[in-house]
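Here is the structure we will look at, set down as structure tokens.
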Amino acid sequence: MQGEPADPAERHGRTGRPGRRAVGLRRHPQPAGRAVTPAGPGTMATAAGVFELRPVRLPADLPLLAEWMNDPAVAAFWHLAGPPATTERHLRGLLDGDGHSLPCLGLLDGTPMSYWEIYRADLDPLARYYPARPHDTGVHLLLGPAATRGRGLGSTLLAALAERILHTGPADGRVVAEPDVRNTASVRAFRTAGFDLTAELDLPDKRAALMTRCR
């Protein structure tokens with residue numbers, strides 16, 4: 001199950017706009033001063049075990065993440081296959097960017113097993129394509145080891161993270177995602193995690209299922 005980023009040309013950290021603010025969005029002025037970091041990282045108890053989400057650490061996490069990006073099941077939707085430098089450029093773009101998107105490593109009972117990007121969807125180019133609300137939080141994810149897929153684990157972790165985001169963020173916030181409509185396993189996992197399919201979006205490189213979950 002993969003919940004991939006949207007437009008490759010505008011994928012977080014790959015816009016060619018390092019250190020700059022996100023593109024101006026409809027009806028939502030950019031905040032002045034410091035960056036607005038999304039909520040999410042921390043430790044969560046789930047039926048599958050203790051789930052920990054922590055910010056990516058470079059260079060320590062790079063070999064594992066690059067290995068996952070070269071798995072054909074992941075590469076089909078993330079488009080980051082290649083040498084470790086390809087993954088590193090993507091990660092550095094997020095870590096050194098405007099602070100609106102946070103790359104995280106997911107650990108289950110202490111074992112790394114997933115990669116997540118948590119971002120301010122209302123401050124992201126994605127907001128050009130759907131009726132964004134202030135404080136919308138977007139989620140991209142992939143399950144790394146093949147053995148973790150097809151077991152319902154993704155939906156369990158998604159549900160835990162969505163609960164954390166919704167109960168630590170503003171009351172009017174939502175959690176959103178936009179997997180490729182062809183990625184039926186991902187769409188199914190979001191549905192199982194309590195997300196609703198609210199629209200289909202024509203993004204520059206795919207037709208996406210807009211999944212939303214409210215408090």
Side-chain angles (χ1 to χ4, degrees), residues 1-6 12-13 22 28 31 34-57 61 64-65 68 78 91 94-95 97-124 126-127 130 132-145 148-149 151-179 185-198 209-215:
M1 189 209 87
Q2 319 305 335
E4 71 283 355
H12 313 289
H28 304 313
R34 64 184 182 86
V36 181
T37 302
T43 301
M44 292 152 267
T46 77
V50 177
F51 178 46
E52 178 188 358
L53 204 59
R54 66 152 173 84
V56 164
R57 300 167 184 163
D61 295 331
L64 180 61
L65 293 174
W68 291 347
W78 282 75
L91 295 171
L94 301 181
L95 294 169
D98 53 23
H100 297 154
S101 184
L102 185 65
C104 292
L105 189 69
L107 300 89
L108 190 61
D109 291 332
T111 300
M113 46 69 66
S114 55
Y115 171 71
W116 303 70
E117 291 174 359
I118 306 170
Y119 65 100
R120 283 288 303 272
D122 59 322
L123 303 179
D124 186 85
L126 174 65
Y130 83 105
R133 299 179 188 174
H135 309 296
D136 278 356
T137 297
V139 175
H140 303 141
L141 75 148
L142 65 88
L143 300 182
T148 61
R149 304 173 201 153
R151 299 166 36 194
L153 187 56
S155 58
T156 297
L157 303 184
L158 272 170
L161 177 59
E163 285 292 325
R164 180 179 180 83
I165 292 171
L166 293 171
H167 286 87
T168 59
D172 59 345
R174 297 180 299 176
V175 184
V176 305
E178 21 62 66
S186 183
V187 174
R188 183 168 57 249
F190 278 102
R191 282 186 180 275
T192 303
F195 287 73
D196 294 318
L197 174 58
T198 56
L210 178 66
M211 313 297 298
T212 62
R213 178 168 167 173
C214 302
R215 180 174 296 185

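No experiment lies behind these values; they were computed from the predicted model shown.
- Annotation: Y119 is in aromatic contact with H140 [ring centroid separation under 6.0 Å].
- Counting only heavy atoms from C-beta outward, the side chains of C104 and E117 never approach each other to under 4.5 Å.
- With contacts defined as side-chain heavy-atom distances shorter than 4.5 Å, the pair L126/E178 qualifies.
- The shortest side-chain heavy-atom distance between L197 and F190 does not fall under the 4.5 Å cut-off.
- The side-chain contact (heavy atoms from CB on, under 4.5 Å) test with M113 singles out one residue from L64, L157, L105, and that residue is L157.
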Margin query: Show, in sequence, the C-alpha distance, side-chain angles and deciding distance for L123 and D98, and conclude whether the side chain to side chain contact (heavy atoms under 4.5 Å, CB included) test is met.
Written below: CA-CA 10 Å; L123 303 179; D98 53 23; over 6 Å; no
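- Residues T137 and V176 have side chains not in contact (no heavy-atom distance under 4.5 Å, counting atoms from C-beta outward).
- Judged as a salt bridge (charged side-chain N to carboxylate O under 4.0 Å, His left out), the pairs with a partner in residues 134-143 (not counting sequence neighbours) are, in order, D136-R174.
- Counting heavy atoms from C-beta on, the side chains of Y115 and P103 come closer than 4.5 Å.
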Got a list of side-chain donor-acceptor pairs under 3.5 Å for residues 40-57, not counting sequence neighbours?
residue: T46; atom: OG1; partner: A48; partner atom: N; Å: 3.1
residue: T46; atom: OG1; partner: G49; partner atom: N; Å: 3.2
residue: T46; atom: OG1; partner: G49; partner atom: O; Å: 2.7
residue: R54; atom: NH1; partner: D61; partner atom: OD2; Å: 2.9
residue: R54; atom: NH2; partner: D61; partner atom: OD1; Å: 3.1

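- For residues 155-164, every residue pair satisfying the salt bridge (charged side-chain N to carboxylate O under 4.0 Å, His left out) rule, not counting sequence neighbours, is listed here: E163-R213.
- In this structure, the side chains of F195 and V139 stay at 4.5 Å or more apart for every pair of heavy atoms.
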